[in-house]
*Asks:* 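Sharing a structure, written as structure tokens. Questions coming.
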Amino acid sequence: MSFTVAIVGRPNVGKSTLFNRLVGKKLALVDDTPGVTRDRRPGDARLMGLTFTIIDTAGLEEADAESLQGRMRAQTEAAIDEADLSLFVVDAKSGLTPVDTDLAEMLRRRGKPVVLVANKSEARGSDSGFYDAYTLGLGEPTPISAEHGQGMLDLRDAIVAAIGEDRAYPAKEDVAVTDVDIPQTEGEGSDADEEPAYDETKPLRVAIVGRPNAGKSTLINRFLGEDRLLTGPEAGITRDSISVEWDWRGRTIKMFDTAGMRRKARVIEKLEKLSVADALRAIRFAETVVIVFDATIPFEKQDLQIVDLVLREGRAAVLAFNKWDMIEDRQAVLADLREKTDRLLPQARGIRAVPISGQTGWGLDKLMQSIIDTDRVWNKRISTARLNRWLETQQIQHPPPAVSGRRIKLKYMTQVKARPPAFMISCTRSDALPESYTRYLINGLRADFDMPSVPIRIHFRSPDNPFEGKKRRT
């Protein structure tokens with residue numbers, strides 16, 4: 001059985017840098033500004049043959065419980081209670097502070113194993129800070145440099161000594177190999193072009209995006225049934241893209257909370273740029289993206305740009321009109337939202353839009369069903385035979401235009417990929433086919449194959465002309 005380790009300490013001592021070092025990736029945002037990390041972030045750590053779960057936490061500070069710093073402290077204390085071991089990080093370069101002493105006392109009261117880590121020990125003049133760490137009464141400090149990777153072997157030994165060798169290196173059980181499934185070879189009569197069924201049990205990755213203070217973190221907390229993510233009236237609380245897992249009707253859902261995305265012209269500070277870049281990575285990693293609108297002020301220009309960004313990335317999109325509990329005349333507002341959705345988002349015709357309330361939990365089941373339905377369309381595959389019959393019908397109803405007196409012929413169509421659905425059409429003079437005819441085909445695919453809301457891509461290819469470039473004999 002593995003174990004869990006929480007990294008704790010006051011702000012700006014290098015906790016996130018150590019977290020990134022242990023997980024082997026730059027998952028957590030790192031900046032010289034104190035207090036960058038706010039939510040607790042889990043990760044899979046590997047350290048010299050040792051594997052465990054690591055939790056990055058916010059810097060512990062003395063603050064009122066209702067303030068932002070107080071709520072961050074509550075998140076960190078929850079991580080300490082969840083973990084089996086705490087890495088208490090102090091700054092050997094700047095020395096101890098009264099906050100370090102208070103944190104050491106708090107960790108002692110918890111009664112759980114603690115490893116004292118003196119970070120930045122490679123710096124000149126860090127010896128005094130390192131020896132001062134003995135006064136905390138938590139045993140011998142382990143000198144490391146999280147930024148440069150120094151002292152990792154000593155850190156491994158300290159963790160093993162604190163958690164115990166039996167817990168650190170659990171014995172692997174011998175697994176008997178029985179009933180091995182052998183894939184069957186397709187017979188000559190099998191249909192290689194059969195449309196595969198949608199897998200209802202496959203884990204689903206969902207990213208929650210939107211403008212600041214739209215209620216993204218509150219929505220995820222309501223799904224989980226606990227205050228897992230930091231929330232509050234302040235705009236821009238979330239900075240890192242935090243992933244959480246939960247089950248919905250027997251299916252594993254991995255949901256990513258992201259930082260609010262403002263207009264590009266307003267993003268000036270380096271830290272906010274890093275947060276937005278982290279949110280963009282979450283969008284690319286996800287399969288379905290929920291764009292959260294504030295129902296009291298919907299369809300701001302930034303909302304439309306976020307939807308366009310998600311569709312250009314090829315993700316399946318669902319709109320969630322949050323704060324529905326604050327709307328009085330719901331029927332009139334709902335009709336207005338539907339009209340604006342069709343008019344302002346023509347590139348996402350048929351996109352699913354669900355009114356919800358993250359505060360009360362109203363409409364969340366309907367939102368999850370819309371996410372599943374949209375993902376089903378996003379994974380859809382259509383057989384080549386059906387596509388070519390459809391293409392022939394489309395050309396009869398609306399033939400391709402004639403360019404320079406020569407009509408373009410669409411010869412063959414097949415689906416080259418799903419996620420999102422992409423099709424290839426072999427035709428003559430593909431470079432002369434107008435964009436309007438491409439939109440006609442895309443709208444036809446949406447209507448005839450029931451493919452609303454997801455981005456559809458069509459690529460045209462002309463066969464090579466074997467006589468092109470050759471001189472005609474005189």
Side-chain angles (χ1 to χ4, degrees), residues 1-2 4 39-44 53 55 78 82 173 175-184 194-210 215-229 231 241-258 282-292 310 314-322 324 350-382 418-421 449-454:
M1 183 174 61
S2 183
T4 304
D39 286 292
R40 60 185 193 268
R41 173 195 282 275
D44 297 325
T53 300
I55 303 176
E82 177 186 345
E173 298 180 358
V175 180
V177 180
T178 59
D179 297 333
V180 179
D181 292 332
I182 301 175
Q184 299 294 325
E194 184 180 355
E195 298 173 9
Y198 179 70
D199 188 0
E200 297 279 358
T201 62
K202 182 177 179 291
L204 180 61
R205 298 190 298 268
V206 181
I208 309 295
V209 302
K216 300 181 292 297
S217 300
T218 303
L219 173 62
I220 296 180
N221 284 342
R222 179 60 61 178
F223 273 127
L224 298 175
E226 61 174 300
D227 292 334
R228 170 63 180 83
L229 300 171
T231 61
S241 294
I242 305 296
S243 65
V244 294
E245 284 191 10
W246 56 288
D247 288 337
W248 185 78
R249 298 181 181 177
R251 185 171 186 178
T252 301
I253 307 294
K254 189 169 187 178
M255 202 165 267
F256 295 83
D257 186 26
T258 63
I283 291 174
R284 297 186 185 103
F285 184 73
E287 296 166 329
T288 303
V289 179
V290 177
I291 302 102
V292 181
V310 170
R315 305 300 98 179
V318 176
L319 304 186
F321 294 105
N322 195 22
W324 199 246
I351 191 170
R352 291 175 172 85
V354 184
I356 64 167
S357 171
Q359 193 70 35
T360 65
W362 185 85
L364 296 195
D365 278 342
K366 188 175 181 181
L367 175 61
M368 278 305 307
Q369 190 59 55
S370 297
I371 292 173
I372 299 299
D373 293 341
T374 302
D375 184 67
R376 181 183 285 106
V377 176
W378 194 62
N379 284 273
K380 191 168 188 176
R381 281 193 172 273
I382 307 170
R419 304 162 60 91
F449 293 103
D450 192 21
M451 303 175 69
S453 71
V454 300

*Asks:* Between G358 and N322, what is the shortest heavy-atom contact and its length?
*Replies:*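 Of all heavy-atom pairs spanning G358 and N322, the closest is N-OD1, 2.9 Å.
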*Asks:* Measure the CG-OG1 distance between L319 and T374 for me, rounded to the nearest 0.5 Å.
*Replies:*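 That separation rounds to 9.5 Å.
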*Asks:* Just by distance, do the side chain of W362 and the backbone of P355 share a donor-acceptor pair under 3.5 Å?
*Replies:*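 Checking the backbone N and O of P355 against the side chain of W362, no donor-acceptor pair under 3.5 Å is found.
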*Asks:* CG/L224 to CG/L229 distance, rounded to the nearest 0.5 angstrom?
*Replies:* 7.0 Å
*Asks:* How long is the gap from CZ on R40 to CD1 on I55, to the nearest 0.5 Å?
*Replies:*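 Atom-to-atom, R40:CZ and I55:CD1 are 7.0 Å apart.
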*Asks:* Could you tell me whether a side-chain N or O of K380 sits under 3.5 Å from a main-chain N or O of F449, the two making a donor and an acceptor?
*Replies:* yes
*Asks:* Counting C-beta onward and ignoring hydrogens, is there a side-chain heavy-atom pair between I208 and M255 closer than 4.5 Å?
*Replies:* yes
*Asks:* Is it the case that R205 places NZ or CZ above or below the six-membered ring of F256, under 6.0 angstrom from the centre and within 45 degrees of the axis?
*Replies:*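 No, cation not above the ring by the 6.0 Å, 45° rule.
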*Asks:* Taking N221 for its side chain and R228 for its backbone only, find out whether a donor-acceptor pair lies under 3.5 Å.
*Replies:*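 Side chain of N221 to backbone of R228, a donor-acceptor pair under 3.5 Å: yes, one is there.
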*Asks:* If you round to the nearest 0.5 Å, how far is OG1 of T288 from CZ of R352?
*Replies:* 10.5 Å
*Asks:* Run R376 and E200 through side-chain contact (heavy atoms from CB on, under 4.5 Å) and show every step you take.
*Replies:* CA-CA 9 Å; R376 181 183 285 106; E200 297 279 358; 2.4 Å; yes
*Asks:* Knowing that exactly one of S243, S241, S217 qualifies, which makes a side-chain hydrogen bond (donor to acceptor under 3.5 Å, both in side chains) with D257?
*Replies:*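 Of the listed residues S243, S241, S217, the side-chain hydrogen bond (donor to acceptor under 3.5 Å, both in side chains) partner of D257 is S217.
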*Asks:* Compare all side-chain heavy atoms of I351 with those of P452 and state whether any distance is below 4.5 angstrom.
*Replies:*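 No, their side chains stay 4.5 Å or more apart.
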*Asks:* Hey, are Q369 and D373 close enough side-chain-wise for a donor-acceptor pair under 3.5 Å?
*Replies:* yes
*Asks:* With side-chain contact (heavy atoms from CB on, under 4.5 Å) as the test, would you mind laying out the steps for I283 and T258 before giving the verdict?
*Replies:* CA-CA 9 Å; I283 291 174; T258 63; 5.8 Å; no
*Asks:* Taking E287 first and then K202, would you say they form a salt bridge - that is, a charged N and a carboxylate O separated by under 4.0 Å?
*Replies:*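 Yes, charged N to carboxylate O under 4.0 Å.
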*Asks:* Drop me the distance from I356's CD1 to F321's CZ, to the nearest 0.5 angstrom.
*Replies:* 10.5 Å
*Asks:* Given 3.5 Å as the limit, does a donor-acceptor pair link the side chain of T252 with the main chain of D247, or not?
*Replies:*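 Not a single qualifying donor-acceptor pair exists.
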*Asks:* Is there a side-chain contact between K254 and V206, using heavy atoms and a 4.5 Å cut-off?
*Replies:*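 No. Closest side-chain heavy atoms not under 4.5 Å.
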*Asks:* List the atom of S2, the atom of T53, and the distance in Å for their closest heavy-atom pair.
*Replies:*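 Closest heavy-atom pair between S2 and T53: OG-N, 4.2 Å.
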*Asks:* Please name the pair of heavy atoms, one in S370 and one in V318, separated by the smallest distance, quoted to 0.1 Å.
*Replies:*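 Of all heavy-atom pairs spanning S370 and V318, the closest is O-CG2, 4.0 Å.
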*Asks:* Within a 6.0 Å radius of atom CG on D199, are there more than 12 heavy atoms belonging to other residues, nucleotides or ligands?
*Replies:* yes
*Asks:* Identify, with sequence neighbours excluded, every residue that meets salt bridge (charged side-chain N to carboxylate O under 4.0 Å, His left out) alongside R315.
*Replies:* none
*Asks:* Of all heavy-atom pairs between W248 and I372, which one has the smallest distance, and what is that distance?
*Replies:*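 So the minimum-distance heavy-atom pair works out to CZ3-CG1, 3.8 Å.
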*Asks:* For the residue pair M451 and V377, what are the closest heavy atoms and their distance?
*Replies:*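 That closest heavy-atom pairing would be CA-CG1, 3.6 Å.
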*Asks:* Is any side-chain heavy atom of Y198 closer than 4.5 Å to a side-chain heavy atom of D375?
*Replies:*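 In contact.
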*Asks:* Please report the interatomic distance CZ(R419) to CG(N379), rounded to the nearest 0.5 Å.
*Replies:*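 Between R419 CZ and N379 CG, I get 5.0 Å after rounding to 0.5 Å.
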*Asks:* Would you say that V209 contacts V292 through its side chain, given a criterion of any heavy-atom pair below 4.5 Å between the two side chains?
*Replies:*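 No, every pair of side-chain atoms sits at 4.5 Å or beyond.
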